[in-house]
Amino acid sequence: MGHNHNHTSKNYGKAFAIGIGLNTLYVAVEAFYGFAVNSSALLADAGHNMSDVFSLILAWAAIWISTKKPSGKYTYGLRKSTILASLFNGLLIIIASGFILWDAIQKIQNPIEIPGNTIMIVASIGLIVNTGTALMFMKGQDDLNIKGAFLHMAADAGVTLAVLIGGLVMKYTGAFWVDPVLSFLIVGVILYGTWGLLSDSVKLAIDAVPEKIDLNEVKHFLEKIECVEEVHDLHIWAMSTTETALTAHLVIPNGCEDQLLYDIREKLHDMFEITHTTLQVEKGWDDDQYRPYNN
């Protein structure tokens, strides 16, 4: 069976390009009005959005790199770069959340009167841009980089909504403490969603079995196949955020390995989405002989 390569860069290239373009323009608009009305909320949100623009660029580049053909030194290609990028994206979300918290603390200690109308207009534009971008990455979240892009833009939409609500409340009540309180709540939501992304990324980076695959279930499946007498040295790990590899030693009798190995690869792909399978065949021994076992 041939290897199935990741087509994410092709399928989501347009979404990344549109998302990066729209958010870059919005960051420029938000920063301009943030300086114009002396709004720390708009400037902080602009910085947060800018970090996510860099994250989108990084994720897109990593996915594109992962499709490059293997070379002499990198025999699996650079697919693992998608895992590293998803890990770095998670860290960026946490760093951006830290800036939001810092800004919120400063605003509680030193409340500043801000023109509510300007805040609401700019935030409304951002809400449309961020929500629209997040929706483009709603599907395909089995890829951690697509999941990271979605979390980034959804977090941006939440932060922008808080700014919009804060501007509305400040305009009609003068309660300037509402904006930082909302920021605290949103940071909690962001960190809750990011924890899963970071946890998955770390596990994949150290070659843990992907969450969607049960190692014992795969081994049981292999052991139940007719002609397979024994399974050992079974290893399953992620080659990228969308591709899983497997190696195993199968003890089988003479004369049935050719079609059997093809069928096993096909079934592993269809049942467990394992795209790269390497099986080493060991011949079965007579019952009165010693059968080698490596583990």
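We number each residue from 1, following the sequence as shown.
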Task: Side-chain (S199) to main-chain (W195) donor-acceptor, under 3.5 angstrom - done: no
Open item on the list: Just to verify, which of I57, L25, T133 counts as forming a side-chain contact (heavy atoms from CB on, under 4.5 Å) with I20?
Closed with: I57
Open item on the list: For the residue pair T247 / D233, report whether a side-chain donor-acceptor contact shorter than 3.5 Å exists.
Closed with: no
Task: Between CD1 on residue I125 and CG on residue L22, distance to nearest 0.5 Å - done: 12.0 Å
Open item on the list: Quick check: closest heavy atoms across T131 and A157, and the distance to 0.1 Å?
Closed with: OG1-CB, 3.7 Å
Open item on the list: When you group the ILVMFWY residues by side-chain heavy-atom contacts below 4.5 Å and let the links chain together, are M136 and V129 in the same group?
Closed with: yes
Task: Approximate separation, where rounding is to 0.5 Å, of E266 CD and I264 CD1 - done: 11.5 Å
Task: Spacing of L234 atom CG and E223 atom CD [to the nearest 0.5 Å] - done: 9.0 Å
Open item on the list: Taking L42 as the starting point, is it possible to reach F99 by hopping between hydrophobic residues whose side chains are less than 4.5 Å apart?
Closed with: no
Open item on the list: I'd like to know if D207 pairs up with K80 as an ion pair, taking the criterion as any Lys NZ or Arg NE/NH1/NH2 lying under 4.0 Å from an Asp or Glu carboxylate oxygen.
Closed with: yes
Task: For G116 against K171, the heavy-atom pair lying closest together - done: CA-CB, 4.2 Å
Task: For S201 against I83, the heavy-atom pair lying closest together - done: O-CG2, 3.6 Å
Task: Spacing of OG1 belonging to T160 relative to CE belonging to M153, to within rounding of 0.5 Å - done: 8.5 Å
- [ ] Can you see which heavy atom on A31 is nearest to which on A46, and at what distance?
- [x] N-CB, 4.0 Å
Task: Flag if over 12 foreign heavy atoms under 6.0 Å of CZ, F88 - done: no
- [ ] Using modelled atom types only, decide if a donor and an acceptor are shared between the side chain of Y26 and the backbone of V122 within a distance under 3.5 Å.
- [x] yes
Open item on the list: Could you tell me if the side chain of L279 sits less than 4.5 Å from the side chain of L246, heavy atoms only?
Closed with: yes
Open item on the list: If hydrophobic clusters are built by linking Ile, Leu, Val, Met, Phe, Trp and Tyr wherever their side-chain heavy atoms come under 4.5 Å apart, do F32 and I119 end up in the same one?
Closed with: yes
Open item on the list: Hydrophobic clusters here meaning ILVMFWY residues chained together by side-chain heavy-atom distances under 4.5 Å, can you tell me if L164 and I128 are in one?
Closed with: no
Open item on the list: Can you confirm whether E273 sits close enough to E243 that some side-chain heavy atom of one is under 4.5 Å from a side-chain heavy atom of the other?
Closed with: no
Open item on the list: Can you confirm whether more than 12 heavy atoms, excluding those of F35, are under 6.0 Å from its CZ atom?
Closed with: no
TODO: Look up atom CG in L215 and atom NE2 in H235, then write down how far apart they are to the nearest 0.5 Å.
DONE: 9.5 Å
- [ ] List the atom of V163, the atom of A123, and the distance in Å for their closest heavy-atom pair.
- [x] CG1-CB, 4.1 Å
- [ ] Locate the shortest heavy-atom distance separating T118 from Y33; write the atom from each residue and the value.
- [x] CG2-CD2, 4.0 Å
Open item on the list: Could you check whether atom CZ of F272 has more than 12 heavy atoms from other residues, nucleotides or ligands sitting under 6.0 Å from it?
Closed with: yes
Task: pair H269-T275: side-chain heavy atoms closer than 4.5 Å - done: yes
Task: Side-chain heavy atoms of T244 within contact of W237, under 4.5 Å - done: no
TODO: Report yes if some heavy atom in the side chain of M120 is under 4.5 Å from a heavy atom in the side chain of I165; otherwise report no.
DONE: no
- [ ] Please say which of I252, L250, V251 ends up in a side-chain contact (heavy atoms from CB on, under 4.5 Å) with V281.
- [x] I252
Open item on the list: Between F221 and L261, is there shared hydrophobic-cluster membership here, with clusters defined by ILVMFWY side-chain heavy atoms closer than 4.5 Å?
Closed with: yes
Task: Interatomic spacing from NE2 in H232 to CD in Q280 - rounded to 0.5 Å - done: 8.0 Å
Open item on the list: Between N130 and N49, is there a side-chain heavy-atom distance shorter than 4.5 Å?
Closed with: yes
- [ ] Mind telling me whether F16 and F137 have parallel, tilted or perpendicular rings, with 30° and 60° as the class edges?
- [x] tilted
Task: Sole candidate of I236, V209, V231 that passes side-chain contact (heavy atoms from CB on, under 4.5 Å) when paired with V218 - done: I236
Task: Side-chain touch D200/V202, heavy atoms, less than 4.5 angstrom - done: no
Open item on the list: Does either side chain, that of H249 or that of E230, offer a donor lying less than 3.5 Å from an acceptor on the other one?
Closed with: no
TODO: Taking the side chain as every heavy atom from C-beta outward, state whether D270 and K267 have any pair of such atoms under 4.5 Å apart.
DONE: no
